[in-house]
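As structure tokens, the structure follows; a few thoughts come after it.
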Amino acid sequence: MKTQNLFKLSLLAVATATALTACSIDLDFNDDDDNDDHHQPQMTELSFAEIAVPLSLDAQQQVRASGEVVVNGKIQSIGYRRIMATAYEDDQTGEKFGLSKDYMDQPITFEDGSDYICNGTNAGVGSGLDFNSIIEKNNKLYMVSQFECQIGSIYVQELAQDEYGHLSPVAGTLEFVSQKDEFGGWVHCAGQTTPWQSHLGSEEYEPSGALTVGDDGKTGDFYYDAIAPYWQDDLTMASPYYYGWTPEVEINAQGQAEYTKHYSMGRFAHELAYVMPDNRTVYLSDDGTNGGFYMFVADQAKDLSSGTLYAAKWIQTSAANSGEADLEWVSLGHANNAEIRAEVAKKPHLTDIFEFVDADDNDQCATDFTSINTSAGLECVKLKDINQDSVVDAADEKIASRLETRRFAAYKGATTEFRKEEGITFNEKDGKLYLAMSEVSRGMEDASSNDKGGPNHIRLDRNSCGVVYELDVMADNSVNSDYVAKNIKGLVAGVPFSYAAGDVYEGNSCDVNSIASPDNVSYLADSNSLIIGEDTSNHLNNMIWSYDLDTGKLTRIYTAPLDAETTSPFWYKDINGFGYLTAVAQHPEGRESDMESEIGYVGPFRFNLEMDK
């Protein structure tokens with residue numbers, strides 16, 4: 001996802017929806033390990049009332065959402081309700097939502113003494129609140145929230161649910177989740193509430209393993225140097241290899257958050273880790289330029305601490321309609337958390353893992369070196385004796401496969417040409433996986449300069465407005481999974497469009513009646529609706545859409561304030577009989593108040609219509 005856009009407008013303040021005070025009700029949460037269906041309302045056909053593109057300044061500054069939905073032919077009233085925003089302060093625990101803390105879990109302040117809050121409006125420190133998991137445990141609701149700043153924070157908060165399904169924070173329950181035992185957090189982006197009711201997060205834009213700290217105490221990489229306050233301004237305590245992993249937060253029986261980093265799942269620009277229904281197969285997207293697409297198959301269900309990692313190889317069959325390809329999965333080998341963490345703790349340098357030489361004038365590599373093209377461009381690489389046992393073997397490949405996953409995937413022949421690979425979701429009813437690509441450009445374009453030195457697997461026309469792809473999923477005994485994606489093709493694409501000066505839609509560079517830079521996606525289980533969020537500057541207001549999988553119709557159901565990204569829309573089909581589509585409006589700019597990132601939901605959807613009030 002993008003970091004904040006710094007342009008500012010002088011705009012009027014507006015009121016936003018806030019959650020009603022919660023009433024006490026008896027909750028019937030599913031708290032067993034098997035996550036058996038306990039309500040499972042049936043929803044086969046769903047349609048939203050569309051909202052218009054906001055044109056007035058007042059409308060452009062608000063969070064707006066559809067007010068009506070038809071479920072199986074019955075009309076329900078819904079709307080947008082805020083749960084909480086960054087800088088929310090819990091007077092009882094003393095915690096502030098989004099406050100960054102250092103490696104001793106002490107609050108960080110800016111030079112002027114103000115709190116270092118990850119809200120997306122402070123220049124240079126990140127984008128703000130990103131994803132929130134709602135977890136059902138201990139006959140309670142917990143919201144685990146992660147923040148997309150270089151110093152990546154996580155908080156946990158209990159939620160109350162009133163008799164009408166409205167959600168609100170419970171005073172005295174906001175707590176900071178420490179990450180100090182696993183080197184701290186980094187740029188937490190999208191996430192998922194897993195089938196076993198845990199929070200599975202991400203660390204995006206992994207820093208280069210080639211960074212070194214100079215005499216001035218900095219590396220010269222602005223993005224990485226921004227973590228200095230976490231280490232109390234001593235970057236020699238840090239390592240680039242501390243970051244770029246998959247964190248998980250579980251709530252134990254005592255209501256405490258237990259934090260883990262899954263080093264077994266590889267290190268790259270993690271946008272999202274998405275767990276399939278077998279609780280073992282996980283798809284992993286790699287955000288940025290010339291990234292890979294990965295699949296992790298855990299050894300045991302509901303335990304991501306060890307398993308085999310695979311990288312996709314795109315075998316193109318057509319360039320039409322945003323492209324179509326068969327997928328092969330290249331094994332990157334097996335690993336577990338403990339053995340990779342031990343290597344991370346050694347604070348290696350990139351040159352401890354690969355040897356590099358320059359290509360010749362014809363972009364050819366010397367003998368014994370492999371030509372690859374990843375986010376770093378054309379490189380000639382040779383795997384080194386990483387563990388220094390006098391032989392380059394499988395043990396060295398294991399280390400490289402996790403610490404330098406993208407390079408190692410390219411080294412093994414997988415595709416590293418994807419651009420801005422974002423959200424993932426699964427339609428179990430039809431066996432379809434969906435993957436959002438914010439742009440089809442650079443390495444995905446045919447004969448692009450980003451293909452230099454690489455195999456040019458993906459050969460498509462540019463589309464700066466992006467595409468959502470559909471993948472067929474089926475069993476594959478060779479990787480011991482029932483959920484292996486076998487092919488990929490374009491499903492719905494944005495449409496570049498130039499609006500004339502004076503047009504009411506002037507300033508939008510993608511058709512306002514279609515998607516732009518699709519980001520995170522969420523399938524509404526058992527229905528005809530795929531939810532598509534945006535992270536774009538091609539629409540003045542980022543939008544969330546419902547895409548009808550039966551008819552191909554797009555319906556605009558949510559718009560964020562000016563300059564606010566719509567991060568991580570996520571569907572909760574049944575929380576005590578109510579459904580919720582959560583969404584974050586990240587780093588809104590230009591409002592005189594309420595400039596913080598905020599988490600809210602569209603809904604509640606009422607599956608017992610007698611409760612429709």
Side-chain angles (χ1 to χ4, degrees), residues 37 39-53 65-78 274 276-277 283 318 320-325 422-437 463 465-474 483 485-495 510-516 518-534 543-559 566 569-574 579-583 602-607 609:
D37 296 344
H39 294 290
Q40 290 306 300
Q42 298 300 308
M43 179 177 65
T44 58
E45 186 176 358
L46 179 146
S47 62
F48 291 88
E50 185 161 58
I51 60 173
V53 177
S66 177
E68 189 174 275
V69 65
V70 179
V71 180
N72 296 342
K74 296 182 179 180
I75 299 174
Q76 296 185 26
S77 295
I78 55 172
Y274 188 87
M276 301 296 278
Y283 284 93
S318 174
N321 300 318
S322 305
E324 188 169 353
E422 305 279 359
I424 308 167
T425 192
F426 182 56
N427 170 358
E428 187 171 14
K429 177 170 66 76
D430 299 320
K432 304 286 188 181
L433 193 72
Y434 304 106
L435 172 65
M437 214 79 67
N463 184 345
C465 297
V467 178
V468 176
Y469 286 90
E470 178 182 81
L471 298 81
D472 286 314
V473 171
M474 60 194 70
Y483 294 94
K486 291 295 187 180
N487 51 55
I488 182 170
K489 64 179 180 180
L491 177 68
V492 55
V495 181
C510 293
D511 188 345
V512 297
N513 293 310
S514 189
I515 61 173
D519 189 33
N520 289 120
V521 291
S522 189
Y523 172 66
L524 304 192
D526 300 321
S527 80
N528 57 309
S529 180
L530 174 66
I531 300 300
I532 304 171
E534 296 182 344
M543 307 176 191
I544 296 178
W545 303 82
S546 172
Y547 176 77
D548 191 315
L549 293 165
D550 295 332
T551 67
K553 178 183 177 183
L554 280 164
T555 301
R556 188 183 306 102
I557 65 171
Y558 173 110
T559 61
T566 62
F570 196 83
W571 173 242
Y572 298 90
K573 181 179 178 181
D574 178 21
Y580 305 89
L581 178 63
T582 57
V602 179
F605 296 74
R606 289 160 290 272
F607 297 112
L609 291 181

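Positions are given from 1 along the sequence. Quick note: numbers below take in every heavy atom, side chains included, and nothing from hydrogens, waters or symmetry partners.
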For the residue pair [X] and [Y], what are the closest heavy atoms and their distance?
{"X": "Pro518", "Y": "Gly466", "value": "CD-CA, 3.8 Å"}
{"X": "Gly490", "Y": "Tyr469", "value": "N-CD2, 3.4 Å"}
{"X": "Gly494", "Y": "Ser514", "value": "CA-OG, 4.0 Å"}
{"X": "Ala65", "Y": "Val602", "value": "CB-CG2, 3.9 Å"}
{"X": "Ser527", "Y": "Leu524", "value": "OG-O, 2.6 Å"}
{"X": "Glu68", "Y": "Ile78", "value": "N-CG1, 3.6 Å"}

Is the Phe426 to Tyr483 ring centre distance short of 6.0 Å?
yes
About how many Å separate [atom2] of [Y] and [atom1] of [X], when rounded to the nearest 0.5 Å?
{"X": "Glu470", "Y": "Leu549", "atom1": "CD", "atom2": "CG", "result": "7.5 Å"}
{"X": "Leu581", "Y": "Ile544", "atom1": "CG", "atom2": "CD1", "result": "6.0 Å"}
{"X": "Trp545", "Y": "Thr566", "atom1": "CH2", "atom2": "OG1", "result": "11.5 Å"}
{"X": "Lys553", "Y": "Ser47", "atom1": "NZ", "atom2": "OG", "result": "7.5 Å"}
{"X": "Asp548", "Y": "Leu554", "atom1": "CG", "atom2": "CG", "result": "9.5 Å"}

Around [X], counting heavy atoms of other residues, nucleotides and ligands shown, do more than 12 lie under 6.0 Å from its [atom1]?
{"X": "Lys429", "atom1": "NZ", "result": "yes"}
{"X": "Asn513", "atom1": "CG", "result": "yes"}
{"X": "Lys489", "atom1": "NZ", "result": "no"}

Counting distance only, does the side-chain N/O of [X] pair as donor-acceptor with the main-chain N or O of [Y] below 3.5 Å?
{"X": "Tyr523", "Y": "Glu428", "result": "no"}
{"X": "Ser522", "Y": "Trp571", "result": "yes"}
{"X": "Arg556", "Y": "Ile51", "result": "yes"}
{"X": "Ser546", "Y": "Thr555", "result": "no"}
{"X": "Asn528", "Y": "Leu46", "result": "yes"}
{"X": "Asn487", "Y": "Ala325", "result": "no"}
{"X": "Asp519", "Y": "Glu422", "result": "no"}
{"X": "Gln76", "Y": "Val69", "result": "no"}
{"X": "Thr425", "Y": "Tyr434", "result": "no"}

Can you check whether Ile424 reaches Leu433 side chain to side chain, under 4.5 Å on heavy atoms?
yes
Test side-chain contact (heavy atoms from CB on, under 4.5 Å) applied to Phe605 and Lys573, step by step:
CA-CA 9 Å; Phe605 296 74; Lys573 181 179 178 181; over 6 Å; no
